[in-house]
Amino acid sequence: MTRIEIPEAPDRAWCEAMDRADPLAPLRDRFDLPEGMIYLDGNSLGAMPKDASAKAQDVVTREWGTDLIKSWNSAGWFDLPVRLGDKLAPLIGAGAGEVIVCDSTSQNLFKVLSAAVAMRPDRNVLILEGSNFPTNNYIAEGVAAATGGRFSVRLCEKDEIAGAIDADTIAVAITHVHYKTGHVHDMAAITARAQAAGALAIWDLCHSAGAMPVDLNGCNADFAVGCTYKYLNGGPGSPAFLFVAKRHQGQAHQPVTGWWGHAAPFAFEPGYRPQTGLRQFLIGTQPILSMTLVETGLDIHLSADMAEIRSKSMALTDLFIRLVEQRCAGHGFTLASPRDAAARGSQVSFAHADGYPIMRALIAAGVIGDFRAPDTVRFGFAPLYVGYVDVWEAVERLAAIMNGGVWRQPEHQAREAVT
């Protein structure tokens, strides 16, 4: 992977030259981006592929409207979770038959945590990162409650995780890239440390899949989960995915025993018999309309080189940090993400006491990022459609807001339901 060096004082002309030389630039035309908007929130919801509209129209009018129930066979609806999983697998370093697209990230995490707990019946501690996206911690608490409280959840921070693993540890369940700061965990090292202690390694890939290289099998991971609506551009609320290493299939069992996970779902037997492979992690009928759109995003990613995606991601985030610190100096921004691009994902976060109204003013100015309580303004850089001039222009607008005190205006103070 080539590391792109950022000049000490980058200007717009340098950004324009970088866009002209960018091997990923042609892929921007495969997304439907509003004119004049700079979209730096692909780490929360990816932009819409242009093919998505035609795909949705075809699924609704032909597959559903004309072919109706025949499409479970003729359009391959029933096998979509497996087929899409195999298509996604190379993006996360997995093999055929190890990834399945289904349900939500939270549901899939419940499944794999439950499987891990059952696989380590003599252990009683589950380790998670306390400051990361809280739904993971909530799900772990739910699994503990569902198993009668036979284990406890231990919340650690980044530098405490390896030292917390011991003979009582069931599994380490960590998000590869931290949702707020963007710091990256060493997947290979933490997995090796967990397995050396007899524990399992479970990875949440929501903020890394599609934005940076992931090598689940190279790191010998046991399980993983992730979503498709961020960097993979599957659409709002699109189905998630889960990974189960081949060595665990047939031995790891999830507890939500729905008919799609049955060994013979159309035999309609009164009792449950699990599938022996990955399909056992299915529950019930999948949301076919949204699932079919996942493929439009995957196809774009599979036409790109992940090393080029990561190289550009690191350059875009380096450029953004440098420009913000140069052009918004004195306005109270503190870098909350790692300064070293190799240590962060494809996002940059700054802390600011007035982060919420600043982000509201920036969105009104046509630069879309987001806010995470209590004080974080967060920007995601999806290399498939964000360019270097986008970064330059985003900081131009941010500097204008700060220099003019625009964020102090009353319309930017009111809190919306979703931040």
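Listed for the N43 side chain is a donor-acceptor partner under 3.5 Å among the backbone atoms of G380. Side chain of D67 to backbone of K70: no donor-acceptor contact under 3.5 angstrom is found. For the pair K246 (side chain) and G277 (backbone), a donor-acceptor distance under 3.5 Å is absent. When atom types are taken as modelled, the side chain of Q286 and the backbone of M291 share no donor-acceptor pair closer than 3.5 angstrom. Using a distance-only test at 3.5 Å, with no hydrogens or angles considered, no donor-acceptor pair links the side chain of T175 to the main chain of H178. Without hydrogens or angle criteria, H185 side chain to M187 main chain gives no donor-acceptor distance under 3.5 Å. Between the side chain of R344 and the main chain of H183, no donor-acceptor pair closer than 3.5 Å is present. Formation of a donor-acceptor pair under 3.5 Å by the S346 side chain with backbone atoms of F381 is found in this model. Between the side chain of K312 and the backbone N or O of P383, at least one donor-acceptor pair lies under 3.5 Å. At least one donor-acceptor pair closer than 3.5 Å links the side chain of T66 to the backbone N or O of T61.
Taking the side chain as every heavy atom from C-beta outward, V391 and L323 approach each other to under 4.5 Å. At a threshold of 4.5 Å between non-hydrogen side-chain atoms, the residues P287 and P239 count as touching. In this structure the side chain of H262 reaches within 4.5 angstrom of the side chain of R273, judged on heavy atoms. Residues D299 and D51 are not in side-chain contact: their nearest non-hydrogen atoms beyond the backbone lie 4.5 Å or more apart. Taking 4.5 Å as the limit, some side-chain heavy atom of L232 sits within range of a side-chain heavy atom of L91. K111 places a side-chain heavy atom less than 4.5 Å from the side chain of C102. The closest side-chain heavy-atom distance from F241 to I100 is not below 4.5 Å. Here the side chains of V389 and R12 are in contact, with some heavy-atom distance below 4.5 Å.
Using bins of under 30°, 30° to 60° and over 60° for the plane-to-plane angle, the ring pair F379/F320 lands in the tilted bin.
Taken from CG in L242 to CG in L278, the straight-line distance is 6.0 Å, to the nearest 0.5 Å. Once rounded to the nearest 0.5 Å, the distance linking OG1 of T292 with CD of E63 reads 7.0 Å. Of the inter-residue distances, the one linking L126 atom CG with I170 atom CD1 reads 6.0 Å to the nearest 0.5 angstrom. Residue L384 holds its CG atom at 5.0 Å from CZ of F31, rounded to the nearest 0.5 Å. Put simply, OH on Y39 and CG on L45 are 4.5 Å apart, with the number rounded to the nearest 0.5 Å. The line from CG of L398 to CD1 of I358 is 7.5 Å long, rounded to the nearest 0.5 Å.
Scanning all heavy atoms of the two residues, the minimum distance from L319 to C15 falls at CD2-SG, 3.9 Å. Of all the heavy atoms in A304 and L27, the pair that sits closest is CB-CD1, 3.7 Å. The shortest heavy-atom contact between V125 and F151 is N-CB, 4.2 Å. The minimum heavy-atom distance between Y388 and A315, with the atom names listed, is OH-CB, 3.6 Å. Heavy-atom minimum distance, G369 versus I363: O-CD1, 3.9 Å.
For the residue pair H248 and D222, a side-chain donor N or O sits within less than 3.5 Å of a side-chain acceptor on the partner. Under the 3.5 Å distance criterion, with hydrogens and angles disregarded, a donor-acceptor pair is assigned to the side chains of N217 and E98. Between the side chains of R123 and T169, not a single donor N or O lies within less than 3.5 Å of an accepting N or O. For the residue pair N220/T191, the side-chain donor-acceptor check at 3.5 Å is not satisfied. Residues R30 and T296 have side chains that never bring a donor and an acceptor to within less than 3.5 angstrom of each other.
Ion pair D305/R310 not flagged as a salt bridge, since none of the NZ, NE, NH1 or NH2 atoms sits closer than 4.0 Å to an Asp/Glu carboxylate oxygen. The pair R120-D168 does not count as a salt bridge, with every side-chain nitrogen at least 4.0 angstrom from each carboxylate oxygen. Between R62 and D58 there is a salt bridge, since a side-chain N of the basic residue sits under 4.0 Å from a carboxylate O of the acidic one. A salt bridge is absent between R193 and D186; no separation between the charged side-chain nitrogens and carboxylate oxygens falls under 4.0 Å.
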Dump the intermediate steps for ring pair (Phe, Tyr, Trp, His ring centres under 6.0 Å) on F223 and F243, then the final yes or no. CA-CA 5 Å; F223 301 95; F243 160 87; 7.9 Å; no
side-chain hydrogen bond (donor to acceptor under 3.5 Å, both in side chains) between E308 and S311, worked out: CA-CA 5 Å; E308 291 178 348; S311 178; over 6 Å; no
Output, in order, the C-alpha distance, side-chain angles, deciding distance and verdict of side-chain hydrogen bond (donor to acceptor under 3.5 Å, both in side chains) for S238 and T228. CA-CA 6 Å; S238 58; T228 63; 2.6 Å; yes
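By the side chain to side chain contact (heavy atoms under 4.5 Å, CB included) test, D370 is found to be paired with D41, S44, R372, R378, residues two or more places apart in sequence or in another chain being considered. Every side chain to side chain contact (heavy atoms under 4.5 Å, CB included) that P265 has, sequence neighbours left out, goes to F78, W259, Q275. With sequence neighbours excluded, the residues that form a side chain to side chain contact (heavy atoms under 4.5 Å, CB included) with E157 are E129, S131, E160.
Remark: W260 CH2 is packed, more than 12 non-hydrogen atoms of other residues, nucleotides or ligands lying under 6.0 Å away. Few gaps surround CZ on R327; more than 12 heavy atoms of other groups in view lie less than 6.0 Å from it. Few gaps surround CG on L68; more than 12 heavy atoms of other groups in view lie less than 6.0 Å from it.
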